[in-house]
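Computed from a predicted model, the values in this text were never measured in an experiment.
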Amino acid sequence: MRAAKRVTGHDYIELKDSYFDTLELQYLLGLFAPKLSKISSKKNVDNVISDTNTCLLIRYFSKISRRPLLADDISFSDIVSLVQRKARYIPFPASYEYFGILLGKQESSIRRYEQGATLIPAVRRAQTIIAALLTEKGTIETWITCLEQEAACRGLKMDDLIDKRGWPTPVSDHNRITGQHILNLRDSELYDYLDLQFLLGLYMPKIRQFTSVPTEPINDVLTCLLIRYLLITMDEEQRSVPPAERRTISQLPDPLEYRDFEASYVSRAATLPRYLHEGVLLGRAYTTVIRLRRGKKIVPAIQRTIQLLNTMSKKEFSIWISCIEEEAASRNISLEKLAEAKGWPDTE
């Protein structure tokens with residue numbers, strides 16, 4: 001994207017095709033799939049995107065130009081090698097043929113992955129969690145606990161999984177994971193539906209299917225393992241969402257109040273260009289800043305931006321500043337005008 005060019009649906013499509021899938025971009029941009037589909041549709045793809053925050057985020061992630069932003073670039077061969085080096089921590093053979101046990105899949109799926117088949121989002125999320133646990137803690141005990149709990153509630157023993165080299169048909173429905181567990185995660189206020197879609201590798205229609213009959217057991221093993229992991233880490237008062245700004249991690253920053261961002265902004269205000277008021281940084285009008293200061297609930301897009309800004313390196317922050325200057329130039333807005341208005345024209 002050139003400095004004076006407005007951001008359009010084409011820029012979003014280029015970003016998606018190059019580095020991210022739709023679930024990732026929903027999460028990073030704080031927008032649900034229908035909105036992303038609208039801006040990239042044939043009818044709208046040539047139109048400029050009016051929301052300043054969305055434009056800034058698209059510009060930023062286009063400049064970063066790397067999928068590891070989500071620590072989700074781990075290949076199947078990478079995870080096999082990593083686990084095999086820590087084989088003493090798993091209660092089954094560490095050869096790849098048995099990785100269906102670890103990833104909640106059948107042996108046939110694992111063979112396809114070993115031959116280079118594209119990993120589905122849920123498998124990539126599981127690999128990210130396993131790699132992060134091994135990297136940060138040196139063990140995957142928490143994930144193994146999820147396996148053991150899921151096997152037990154299906155009436156299975158580890159020997160059954162080893163014999164099958166994957167997950168046999170359940171013989172029990174005792175304490176199974178259901179749609180109610182997804183609702184519990186959502187009601188905890190630790191996770192919004194963008195988080196859950198990203199974490200579980202599921203689009204909203206599938207989540208609605210599970211939650212529409214909340215007492216019905218969820219059959220997909222990997223979905224159940226991911227839900228169990230979130231529930232365990234939630235009980236430990238942890239967030240387990242890979243954030244946008246780190247590579248080998250397992251946690252997102254805790255949910256932020258606007259005052260957390262404001263305190264961070266104030267602490268470094270003296271070193272920022274004069275035009276970089278909070279509204280300018282967030283891609284919002286000053287009226288929005290006023291409402292946020294008064295306790296208005298932070299929408300997902302602004303939540304993501306605050307998390308991003310609070311964890312950027314100096315280099316990454318300078319890239320964000322360049323995105324702001326490009327966006328201002330593309331809209332024919334001077335930096336002086338931004339300074340005077342303490343934000344952008346209201347495009348929410």
Under 4.5 Å between any side-chain heavy atoms of [X] and [Y], yes or no?
X: Ile298; Y: Gln303; answer: yes
X: Asp195; Y: Phe198; answer: no
X: Glu216; Y: Phe210; answer: no
X: Val45; Y: Thr8; answer: no
X: Tyr98; Y: Ile90; answer: no
X: Leu338; Y: Leu335; answer: yes
X: Tyr27; Y: Leu199; answer: no
X: Pro217; Y: Arg154; answer: no

Are the charged groups of [X] and [Y] less than 4.0 angstrom apart, N to O?
X: Glu327; Y: Lys5; value: no
X: Glu278; Y: Arg284; value: no
X: Arg176; Y: Asp173; value: yes
X: Asp11; Y: Lys16; value: no
X: Arg59; Y: Glu326; value: yes
X: Arg304; Y: Asp192; value: yes

If you look at every heavy atom in [X] and [Y], which pair is closest and at what distance?
X: Ala33; Y: Gln26; result: N-OE1, 2.5 Å
X: Thr223; Y: Leu200; result: O-CD2, 4.5 Å
X: Ser50; Y: Arg6; result: CA-NH2, 4.2 Å
X: Pro168; Y: Leu161; result: CD-CD1, 4.1 Å
X: Leu222; Y: Ala126; result: CD1-CB, 3.8 Å
X: Ile232; Y: Cys146; result: CD1-SG, 3.6 Å

Side chains of [X] and [Y], donor plus acceptor under 3.5 Å:
X: Glu97; Y: Ser95; answer: yes
X: Ser81; Y: Asp78; answer: no
X: Thr211; Y: Arg208; answer: no
X: Asp187; Y: Asn184; answer: no
X: Asn53; Y: Thr305; answer: yes
X: Ser109; Y: Arg112; answer: yes

Would you kindly confirm whether [X] and [Y] end up in one hydrophobic cluster when ILVMFWY residues are joined by side chain heavy atoms under 4.5 Å apart?
X: Leu185; Y: Tyr203; answer: no
X: Phe76; Y: Leu102; answer: yes
X: Ile333; Y: Val48; answer: no
X: Trp143; Y: Leu82; answer: yes
X: Val299; Y: Leu36; answer: yes

(message) Is the positively charged end of Arg186 above the ring of Tyr193, judged by distance under 6.0 angstrom from the centroid and angle within 45° of the axis?
(response) yes
Which value, rounded to the nearest 0.5 Å, describes the distance between [X] atom [atom1] and [Y] atom [atom2]?
X: Leu282; Y: Leu56; atom1: CG; atom2: CG; answer: 9.5 Å
X: Lys63; Y: Ile319; atom1: NZ; atom2: CD1; answer: 7.5 Å
X: Leu226; Y: Glu150; atom1: CG; atom2: CD; answer: 10.5 Å
X: Leu29; Y: Phe61; atom1: CG; atom2: CZ; answer: 7.0 Å
X: Met158; Y: Leu147; atom1: CE; atom2: CG; answer: 6.0 Å

For [X] and [Y], indicate whether the former's side chain and the latter's backbone hold a donor-acceptor pair under 3.5 Å.
X: Glu107; Y: Arg165; result: no
X: Asn175; Y: Cys153; result: no
X: Asp17; Y: Glu14; result: no
X: Trp344; Y: Thr52; result: no
X: Gln197; Y: Met204; result: yes

- Task: Please check if atom CD in Glu141 has more than 12 non-hydrogen atoms from other residues, nucleotides or ligands closer than 6.0 Å.
- Result: no
For Lys86, does the NZ atom have more than 12 heavy-atom neighbours from other residues, nucleotides or ligands under 6.0 Å away?
yes
Run the side chain to side chain contact (heavy atoms under 4.5 Å, CB included) test on His277 and Tyr286 for me, step by step, so that the C-alpha distance in whole Å, both residues' side-chain angles and the decisive distance to 0.1 Å come before the verdict.
CA-CA 9 Å; His277 294 281; Tyr286 186 60; 6.0 Å; no
Of Ile218, Val221, Leu225, the one forming a side-chain contact (heavy atoms from CB on, under 4.5 Å) with Ile177 is Ile218
**Report entry** Derivation of the side chain to side chain contact (heavy atoms under 4.5 Å, CB included) call for Ile130 and Leu103
**Finding:** CA-CA 9 Å; Ile130 292 166; Leu103 297 175; 3.9 Å; yes
